[in-house]
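All values below were derived from every heavy atom in this structure, side-chain atoms included, with hydrogens, water molecules and symmetry-related copies excluded.
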Amino acid sequence: AFAYARGVMSMILVLFDDADLPVLPWAARLSTALGRPLRVLCMGPGDGPLRQRVTAEQVDADTLPLVRATLEQLPEAGAKDPQVHDCRGHDLRRAVLDAARDLEATDLVLAVPEEDREGPARGVIARLLRSAPEDVLLLDVAAMGDGPPQRILVPQSGGGGRHAMQLAARGLGAGEPPVVAVADPKRMPRSRRSFGRAREQAAAAGERFEQVVPPEGQGLFDAVAGSIAVGDLVLLDAEDPRGLPRARTALRTLRKDRPETPFAVGVARSAEAGGPGRLARLAERVRMQVPVLSRDQRKDLHERISGGGRVSADFVVMLTLSAAIAALGLVQNSAAVVIGAMLVAPLMTPLVAAGMSLVQGNLEMFRAALRAM
């Protein structure tokens, strides 16, 4: 909602290694269909936060191989107004969220190889899928490559799936592939309502919508596994973040049950369903609006506080002047002048320096601030 209010919307594709590149054409098709510029983040570890745009003309020997490979494949993807950013940081999740805020993104596209990756990227993807305050789409297309889906199957787990159906109808496929919703036999009334609302809201694609009901005695995902054909995309709607691990396990099971069939799987999660709770989502959205100090600004702030929190010529002069003003106020019996002396006195800076030294565990700064006080 905050991004919509600003009037600028973009889509972010997050790449961690070369195995994620098959998702690039999918994100390009989706960004074009939604009318949003595509921003590609090539993630990597780093000591401090860094994000800079890289163009084809700026590629040199020091450019990350992932950035170079992305720039080479980007023209063939056909994205709308694409940009590639070299994004690094110690906390990769925070780096992605900060980039989404700075680039005013409303959608995040994440890629997962055929087998769940190991290492830090695995935890980052899981946390972004659970708590990012944007619409999130997690795709595993390694078995299909970059081709568009022939059909989009939406398992209505719990009777939901409306967000996934709307996303499928708007731009996940080229050539308007049919959207097949597989009703949850345990929640048939809600499945019918969700399907009807999704078809009404996507009126232009209403004729592409179809709902199938599993045979009696057959479970939802058993019916989906029996319906999968070559070139299909199975897109699960994550309405409840608490059910995300179960959803990803179900999709992995589908792929293992049909190893000979090349198809793609994905999880779609709307912005309203993000986060472990309403307060957490609100806190993340508020944080998106709070100005953040850059590394140079934090360094400058530390130098100013540490320099002003110790005994120096400036400190002694200001303290002497404030004492003289206070003495004049006492002689004149004027409370206003005494208060003015308090304002001139540089006593707050050592207090702030002492607080910062306690947070940082900086014993030398604490001793200097204590001497000044």
Side-chain angles (χ1 to χ4, degrees), residues 2-3 10-20 23 27 39-54 62-67 70 83-113 116-139 238 241-242 244-245 248 267 269 271 273-302 355-362:
F2 287 109
S10 65
M11 173 178 293
I12 286 182
L13 170 62
V14 184
L15 303 178
F16 290 94
D17 51 48
D18 292 344
D20 298 337
V23 179
R39 307 290 183 251
V40 183
L41 298 183
C42 297
M43 305 302 300
D47 296 333
L50 168 68
R51 181 177 57 81
Q52 59 183 4
R53 181 182 177 185
V54 182
D62 296 330
T63 303
L64 287 177
L66 179 58
V67 175
T70 303
Q83 293 181 7
V84 178
H85 294 259
D86 183 357
C87 190
R88 310 184 195 185
H90 179 69
D91 186 348
L92 296 182
R93 170 184 170 273
R94 177 50 53 192
V96 173
L97 292 178
D98 289 344
R101 179 198 58 200
D102 297 339
L103 298 174
E104 299 181 335
T106 58
D107 301 81
L108 287 180
V109 179
L110 305 172
V112 177
D116 275 358
R117 72 181 76 229
E118 299 294 336
R122 180 176 182 177
V124 173
I125 291 173
R127 294 169 65 191
L128 288 173
L129 181 61
R130 182 175 64 250
S131 61
E134 296 87 14
D135 289 347
V136 180
L137 176 63
L138 178 67
L139 287 174
R242 292 173 296 182
L244 284 171
R248 296 180 64 185
V267 178
R269 197 265 294 157
R278 294 183 178 180
L279 292 179
R281 293 198 300 270
L282 178 61
E284 191 59 51
R285 289 179 183 274
V286 170
R287 191 185 187 282
M288 293 174 61
Q289 312 303 314
V290 176
V292 180
L293 294 180
S294 65
R295 185 178 183 181
D296 293 337
Q297 290 173 326
R298 290 196 299 269
K299 182 179 178 181
D300 180 65
L301 177 64
H302 182 276
M356 187 169 70
S357 65
L358 292 176
V359 172
Q360 296 180 340
N362 191 333

*Asks:* Contact between Met43 and Val124 at the side-chain level, heavy atoms closer than 4.5 Å - yes or no?
*Replies:*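 No; the side chains remain at least 4.5 Å from each other.
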*Asks:* Identify the two heavy atoms, one from Ala238 and one from Arg269, that lie closest to each other, and give their separation to 0.1 Å.
*Replies:*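 Where Ala238 meets Arg269 most closely, the heavy atoms are O-CG, 3.3 Å.
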*Asks:* If you take all heavy atoms of Cys42 and Val67, which pair is closest and at what distance?
*Replies:*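 Scanning both residues completely, I find the closest heavy atoms to be CB-CG2, 3.7 Å.
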*Asks:* Go through Leu103 and His85 one step at a time and tell me if the side-chain contact (heavy atoms from CB on, under 4.5 Å) criterion holds.
*Replies:* CA-CA 11 Å; Leu103 298 174; His85 294 259; 4.2 Å; yes
*Asks:* To the nearest 0.5 Å, what is the distance between CG (Leu66) and CZ (Phe16)?
*Replies:*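 One finds 10.5 Å between CG of Leu66 and CZ of Phe16.
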*Asks:* When rounded to the nearest 0.5 angstrom, what distance separates CG in Leu15 from SG in Cys87?
*Replies:*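 SG of Cys87 is found 11.5 Å from CG of Leu15.
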*Asks:* What's the separation between atom CZ in Arg94 and atom CG in Leu128, rounded to the nearest 0.5 Å?
*Replies:*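 Atom-to-atom, Arg94:CZ and Leu128:CG are 9.5 Å apart.
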*Asks:* Might you work through the side-chain contact (heavy atoms from CB on, under 4.5 Å) test for Asp102 and Arg39, ending with a clear yes or no?
*Replies:* CA-CA 11 Å; Asp102 297 339; Arg39 307 290 183 251; over 6 Å; no
*Asks:* Return the minimal non-hydrogen interatomic distance between Ile12 and Ala100, and the atom names on each side.
*Replies:*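 So the two residues come closest at CD1-CA, 3.5 Å.
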*Asks:* Once rounded to the nearest 0.5 Å, what's the spacing between atom CD of Gln83 and atom CZ of Arg53?
*Replies:*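 Nearest 0.5 Å value for the CD-CZ distance: 3.5 Å.
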*Asks:* How long is the straight-line distance from CG of Leu108 back to CD1 of Ile125, given to the nearest 0.5 Å?
*Replies:*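 With rounding to 0.5 Å, CD1 (Ile125) is 11.5 Å from CG (Leu108).
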*Asks:* To the nearest 0.5 Å, how far apart are CG in Leu139 and CG in Asp20?
*Replies:*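 Atom-to-atom, Leu139:CG and Asp20:CG are 11.0 Å apart.
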*Asks:* Return the minimal non-hydrogen interatomic distance between Ala27 and Val109, and the atom names on each side.
*Replies:*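 Scanning both residues completely, I find the closest heavy atoms to be CB-CG1, 4.4 Å.
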*Asks:* Determine the minimum heavy-atom distance between Leu41 and Ala99, stating which atoms define it.
*Replies:*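 Scanning both residues, the minimum pair turns out to be CD1-CB, 3.6 Å.
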